[in-house]
Structures are given as C-alpha cells and as structure tokens.
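Hydrogens, waters and symmetry mates play no part in the numbers below; they use all other heavy atoms, side chains included. Proteins get letters first, then strands, A, B, ... in listed order; numbering begins at 1 in each.
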Amino acid sequence: MFMIAKRVAATAAALSLAAGAASLSLAAGAAMANPYEPYKGTTLVVNFPAHPHYHAVMKVLPEFTKETGIKVEVDLLQYLKMREKQTLELTKRKGDYDLIAYVVFSKADYVYADQLENLARFFMNPKLADPKYDPDDLITGYVENIGVVGGKKGYLPGPLDSVYGIPFGSETSVFGYRKDIFEKHGLKVPETYDELLDLVCKIPELEPGMGGLASRAASGHQASHAFLLHLAPLGGRVFDDNWNPTINNAAGVAAAKALKKIVDCGPEGAKTFAFAEAGNAFLQGKTAMFLDTTVFASSVEDPKKSKIVGKVGWALHPKGVRRGSQTGGFGIAIPKNAQNKEAAFLLMQWLTSRHGDKLVALAGGNPSRYSTHADADVNAKYPYMKTFGEALKYADPDWRPIIPVWGKINADLGTTLSKVLTEGLDPQEALDGVAARTKAIMEEAGYYTWQ
Amino acid sequence: MTSAGMKRMTPYMFLAPAAAIMAVGLLYPIGYMVYASFLDWNPSQLISEAEGVGLRNYASLLGDASFLESTAVTLKFSTIVVVTEMVVGVGLALLLDRNIRGVSVLRTIFILPMMIAPIVVGLMWRYMYHPSVGIFNQTLKGWGLEPVPWLSDADWALASIIIADIWQWTPFIFILALAALQSLPRSALEAARIDGASGWQQIVHIKLPLMMPVLVVTGLLRLIDSFKVLEVILVMTNGGPGLSTEILSLRIARTASEFRELGVAAAMSNYLLLILLALTVIMFVYNKVVDAREAAVRQAAEEA
C-alpha cells in the first residue's frame with residue numbers, strides 16, 4: 001500500500017515535470033539529440049538484493065539520474081527472499097517493478113512462466129539501443145549462465161537461444177589465501193585439488209586454533225553450493241546429456257569427500273556455516289584459506305569488517321581433472337508486467353555499459369565486462385581484479401542445472417550432504433539416495449517423456 | 001410474512017452477520033487451502049491455470065521420507081516441549097501464588113520472554129549458542145569443560161531449539177496457571193487446612209484437580225502453537241543439520257517458497273490441520289468423559 005501511494009505521488013510529480021520539460025524542449029528545439037529526453041522525470045521502481053554489488057550500485061545510481069533525468073526508487077531485499085516476492089509481483093496484471101535483479105536459478109522459472117521481456121525487442125529499437133554498447137565485451141560465461149535460454153538443455157546457449165537478462169553482479173569462484181601464513185610455513189599456493197586437500201588439514205596442525213579452508217556447510221542450499229563448487233573441477237556433473245542423474249558417480253563421491261574433509265578441518269562450528277559465517281571466519285583470521293565467490297574480495301580489504309586487510313593473496317580456483325569455477329550471482333531483467341519498460345531498458349543498458357560497469361566496479365561492485373577487469377583505474381584500486389579476469393576464462397556456465405525443479409533437488413542434496421557432514425552418513429550411500437530421488441523428481445516433471 | 005414466521009426468522013437474522021463473517025473469514029481460506037491441495041500449482045501460475053491432480057499430493061506425501069521425518073521431528077518436539085513447559089509453568093505458579101514482597105515484579109519479569117518478537121528470540125539464542133563466541137561455550141570453556149556443538153550436531157540441535165522454546169513459552173503456562181490458582185474457591189482450601197492437609201496434599205488433592213479444566217485448555221493451546229512454531233527455528237537452524245530440526249511448518253514454508261509446490265504445501269497443511277483436529281477432539285472427548293464421571297459421582301452422593 002505504502003509503495004503504491006509513493007508511486008502515485010511520484011507519477012504526479014513526474015507528470016508535472018514532464019509538462020515543464022516539454023515546453024522547455026519546444027523552446028530549445030532539437031539541437032542536441034538526447035535519447036533519454038522522452039523519459040526525463042520518469043521514476044523507475046527496481047528490485048535489488050541487499051548484496052555488496054548492489055550496495056555499490058546504489059552509490060552509482062545518482063550519477064544515472066544526473067545524466068538522464070530518470071529517477072530510480074530501489075526496493076532492497078535479502079537475496080534468498082527475492083524470488084518469493086518477485087513471483088508474487090510478476091503474476092500481477094500490473095507490476096510494481098520496472099526492473100528486477102534475479103538470482104540466476106530464477107531464470108528458468110520466470111522465462112518458463114513467460115514473465116520476462118525478450119531483450120531483442122529493445123536492442124532492435126534504434127531509439128533505445130546504444131550502438132556503442134558492445135555486447136561482445138560482456139563476459140561470455142556469465143551471459144550464457146544468466147541471460148540466455150532456449151539452447152542446449154533449455155537453459156544453455158544454442159542456435160535457437162534468446163536473451164532475457166543481462167548479467168549484473170555476477171560472480172565466479174576464486175581461491176583466497178593468507179600470504180603471511182603461507183610465507184611463514186613455506187607453503188605453496190595450491191594449483192590442484194590434491195594440493196588443496198593436503199593443505200586443508202595441514203594448516204590446523206601448523207597453526208593451532210586456525211581452520212584450513214572456510215566453506216559453507218549449513219543444511220540446504222549452503223551445503224549444496226559448497227559441494228557443487230568442487231563437483232565441476234573434479235569432473236562431475238549433476239546430470240548427463242539425457243537428464244540421468246550422475247551425481248553419485250566417482251567424481252560426485254570425490255566431491256562429497258572433499259567437502260567433508262574441508263569442513264572437518266575447518267574452523268570451530270564450520271558444520272553450520274552459511275556464506276556469511278564462513279566469510280566472517282576468514283575475515284576474523286580463523287582460517288587460512290577461502291574458496292568461494294569473487295563478491296567477497298571487497299570485504300577483505302575493508303578494515304571495518306576485516307582483520308586481514310593486505311594479508312590476502314588471490315589465485316585461480318584449483319584444478320581437478322579440469323578447471324571449472326562457478327558462475328552465478330545476479331542478472332537484471334524487465335518484467336512483462338512492468339509499466340516503464342523503455343526507461344527500464346535505458347537504465348539496464350546504462351548500468352551494464354562500459355561506462356556504468358566501470359563506475360560500479362570502482363564503487364566496489366563486480367564487473368561483468370572483460371574490459372573492466374583489464375581497466376587500469378579499476379586495477380589500481382582493486383589489484384586482484386586481474387586475477388579475477390583470468391579466473392573468468394574458466395567460468396563454467398553448466399556447473400549446476402538451471403531448471404524449474406532444481407529448487408527441490410537442491411534442497412534434498414543440501415540436507416542429505418548435511419547428514420554426511422554432521423551425522424557421518426556414507427557419501428556414496430547419501431548420493432545414491434539423492435540420485436534415486438532426483439530421478440523420480442525428473443520423471444514426474446516429464447524429463448524422460450522422449451526416452 | 002406472518003408475524004409468527006417473522007418471529008421464527010428473528011434469531012437467524014441476528015445470526016446472519018456473524019455467519020457471513022465466519023464464512024468469509026474462516027471457511028473461505030480453509031476451503032481455498034483444501035481446493036489447492038488437489039492441484040499441481042506453481043506460484044508463477046494463477047490458481048485457475050493449475051492442473052488438478054486429485055489425491056496425488058496426499059498420496060505422494062505419505063511415501064515422502066522427508067515429510068515423514070519432519071512429522072516425527074514435530075511430534076517429538078511438541079511432546080517434549082509441552083510436557084516440560086506444563087510441569088515447569090505450573091510448578092512456578094504454585095511457588096509464586098503467595099503474598100511475598102515484590103512478587104508482582106517477579107511475575108512481570110517471568111512473562112518477559114513471551115513478549116519478545118520470535119525473530120529476536122531466534123537471533124538471541126543463535127548468538128548464545130554460537131560455537132566460539134556464544135555465552136554457553138565461553139562459559140563451558142571457562143570452567144575447563146569441552147564446548148558443546150549446540151546447533152551443529154543433530155541431537156544437540158533439537159535439544160537446543162527445545163530449550164529455547166521452553167524458555168520462551170513457559171511463561172504462558174505460568175501466567176494462565178497462576179490466574180487459575182488465584183480464582184480457586186478459598187472455602188475448599190480453608191476446609192482442607194482446617195482438616196490438617198499438608199501443603200503437598202493441598203496441591204495434589206485440591207489445587208490441581210480444581211485447576212484441571214484450565215490446564216487442559218492451556219496445554220491444548222500450547223500444543224497447537226508448538227505444532228505451528230516457525231520463526232525461532234527458522235532463524236536458529238533453518239531445519240538443519242540434515243532434517244533434524246525441520247518441523248512441519250518449516251517444511252511447508254520451504255515447499256511453498258523453495259520447491260514452489262503450492263499444492264503439496266497445501267496438502268501438508270491439511271495433514272497438520274488433521275493432526276491438530278484429532279488432538280482437539282481427543283481433548284474434548286476426555287473433558288466430556290471427566291465431566292460425565294463427576295456428574296455421576298455427584299448424583300450418587302446426592303442419592304445416598
């Protein structure tokens with residue numbers, strides 16, 4: 001209610017402004033082309049997650065308003081709560097949101113329910129599309145993971161795919177380590193999983209009271225995420241090309257054992273860590289290593305949160321039988337029921353342009369463009385950006401499936417793995433159970449109709 | 001209409017507004033839930049687009065190991081919590097039912113936990129249970145004891161949420177039991193004292209039996225509430241580790257929001273409703289039986 005009231009007021013203000021602007025532009029004539037002119041005074045309502053990248057975006061939004069005259073009102077939500085709220089919003093006839101940031105696994109749901117705009121419509125419109133946008137510069141793995149649907153397996157690119165979102169606040173996994181600890185004991189930065197797993201339990205011996213690697217492990221999504229992080233590099237996949245679960249093969253078991261070893265040699269209480277707690281353990285100096293999203297890097301160098309400023313080195317996600325770092329995070333899209341779609345597109349284009357991407361990166365966000373990762377100004381402020389750019393070459397868009405039933409499989413996988421971590425359930429037995437239940441879920445959802 | 005007919009209609013006319021409100025406010029949502037439980041309904045669809053699946057949701061739940069585990073956890077949690085709270089709450093009420101100085105201050109302090117928002121209770125306990133900085137483990141370490149894996153071990157986690165719930169809801173029992181105690185007929189107690197009954201005898205033979213109707217209702221309310229507890233556990237463990245603290249209401253919430261199966265979630269809610277209904281009916285019948293027996297005893301006494 002409150003929001004609607006605010007919107008009405010904003011619209012009224014916008015109308016009067018627009019009227020004023022129209023008379024002004026008549027007087028000035030069309031001397032300077034300004035593609036933003038028709039939308040000046042519009043107020044966009046956008047839904048963003050409370051997340052480091054979007055905190056940086058908030059700092060940059062006033063710049064957008066200054067350049068374009070389009071105002072932005074942000075509804076900030078906890079990222080795991082966004083899907084629920086958005087699902088409600090998107091099924092309304094007239095939505096409140098003009099632009100949404102969505103968690104990557106919502107892509108399947110929203111597109112399947114026909115709730116997002118196909119972006120081709122806007123990129124084909126010469127009045128809206130900026131010819132200098134340079135989509136080739138957007139990071140391929142991210143675009144494939146977050147923006148594209150309709151190709152291979154439905155959620156990957158292919159000849160018949162189309163784009164519904166643009167990666168924004170996307171992330172991959174990198175390995176962070178305490179340079180001081182590694183130097184003190186003459187340790188080598190691990191390049192392979194064998195070396196990593198060797199170090200994981202060695203560090204608590206060398207540095208009593210310190211855990212090896214900070215990892216998520218809490219029951220549900222968190223444990224599942226941590227497991228999948230190891231699955232791809234160790235050569236596993238959740239499904240084969242015919243949607244048969246392969247999560248319980250040798251690679252799957254190896255990934256579960258790796259996770260168990262990491263958690264067992266982790267800091268105190270590691271078994272229930274969610275992302276925030278795992279990150280905090282590293283920031284507070286309770287572990288020597290970190291392996292998770294790039295988003296975290298800006299917190300490490302923030303003296304308000306971190307006790308390890310300047311002590312952390314970054315490297316690529318270690319290699320198993322292949323390199324494969326996660327892809328994830330957020331994309332932005334325009335809901336079908338949005339009321340200011342053109343202006344929303346302009347905001348989306350501006351934010352993900354070379355200019356916008358750089359501004360957000362400088363404010364502490366995660367760039368989605370190759371050029372930003374290589375940018376001298378950005379690297380001067382965040383020296384790790386070059387390593388991250390390198391890591392992106394191995395970003396794996398298929399490290400976890402993005403299908404509507406994934407939520408259920410993910411929860412089952414996460415709770416079962418939690419039993420492996422806390423109750424000593426045998427990894428093979430656990431994953432066999434997950435595979436069998438997954439098969440039933442897939443059967444019910446109709447994935448074997450054509451077999 | 002004849003005046004006789006009018007007269008006959010009058011009571012129904014007076015009842016009509018209440019009946020209408022009841023239909024709209026109570027039966028409509030429940031009917032909606034029952035209807036939804038027969039659908040394969042995804043939150044991205046309108047309810048009219050959802051496909052009917054008959055009893056499939058109910059049938060598949062009965063074979064769903066996670067759902068059965070959740071039910072078992074809920075039953076275990078509720079039983080332990082309600083029994084302990086009843087014992088402690090009534091005990092405290094018996095102890096504090098006297099005129100000592102400052103007793104009203106004490107009573108107010110006792111009911112504080114109940115007044116705190118559940119999310120805050122959850123957060124508070126989560127920090128107290130924190131493995132390294134929590135007060136419990138700090139204290140244990142200070143005494144030279146081994147720290148306890150409060151929330152990271154399956155059995156401990158269930159114990160931990162039980163402790164938190166007892167802390168929060170014992171005051172509810174306490175305050176109702178105290179009210180019941182204070183409204184007991186003084187004559188019966190005086191008569192007992194004159195006959196030389198000890199304090200313990202007064203409690204067992206007079207106070208508790210007289211309080212019983214209130215205690216039964218209190219216990220029932222607490223039981224129903226404990227089946228529906230959500231926020232505190234959500235914040236403290238989110239159901240983990242494994243499924244060890246995933247009570248039914250949490251499972252329902254996850255089914256609706258995480259698995260996006262509104263039909264299944266509705267079917268689960270209906271199972272929960274059935275369990276609660278069964279408990280209520282049992283209590284009701286028990287009360288009737290007790291009343292009937294008392295009436296029979298009284299009648300026998302009068303006849304004799």
Portion of A:Thr416 that has a non-hydrogen atom of chain B nearer than 4.5 angstrom: neither

B:Tyr35 atom OH, over 12 foreign heavy atoms within 6.0 Å: no

Choice from A:Lys286, A:Arg83, A:His221 maximising heavy atom contacts with chain B below 4.5 Å: A:Arg83

More than 12 heavy atoms from other groups under 6.0 Å of OH on B:Tyr127: no

4.5 Å side-chain heavy-atom contact, A:Gln222 and B:Asn238: no

Closest non-hydrogen atom pair, B:Gly242 against A:Ser219: O-OG, 2.7 Å

Between OG on residue A:Ser418 and CG on residue B:Leu243, distance to nearest 0.5 Å: 8.0 Å

Interface residue of largest heavy-atom contact number with chain B, from A:Lys271, A:Arg437, A:Gln115, under 4.5 Å: A:Gln115

Exceeds 12 heavy-atom contacts within 6.0 angstrom, atom NZ of A:Lys261: yes

CD (A:Gln78) with more than 12 external heavy atoms under 6.0 Å: yes

Separation between CZ of B:Phe259 and CD1 of A:Ile441, rounded to the nearest 0.5 Å: 8.5 Å

Euclidean distance, A:Lys408 NZ relative to B:Arg254 CZ, rounded to 0.5 Å: 12.0 Å

Proximity breakdown for A:Ala218 and chain B, heavy-atom pairs closer than 4.5 Å: neither

Nearest-0.5 Å distance that lies between atom NZ in A:Lys81 and atom OG in B:Ser257: 6.0 Å

Minimum heavy-atom distance between A:Gly269 and B:Pro131, given as atom pair plus value: CA-CG, 3.5 Å

Contact origin within B:Pro43 toward chain A - heavy atom pairs under 4.5 Å: both

Toward chain A: residues of residues 19-30 of chain B with heavy atoms under 4.5 Å: none

Reported CE-to-OG1 distance for the pair B:Met236 and A:Thr272, which is rounded to 0.5 angstrom: 11.0 Å

Contacting region of A:Glu277 [heavy-atom separation from chain B under 4.5 Å]: side chain

Engaged part of B:Glu261 at the chain A interface, taking heavy atoms whose separation is under 4.5 Å: side chain

Exceeds 12 heavy-atom contacts within 6.0 angstrom, atom NZ of B:Lys76: no

B:Leu140 CG: over 12 foreign heavy atoms closer than 6.0 Å: yes

Structural part of A:Glu268 lying under 4.5 Å from a heavy atom of chain B: both

A:Tyr79 atom OH, neighbour heavy-atom count above 12 within 6.0 Å: yes

B:Glu246 CD to A:Thr415 OG1 distance, which is reported to the nearest 0.5 Å: 7.0 Å

CH2 (B:Trp167) with more than 12 external heavy atoms under 6.0 Å: yes

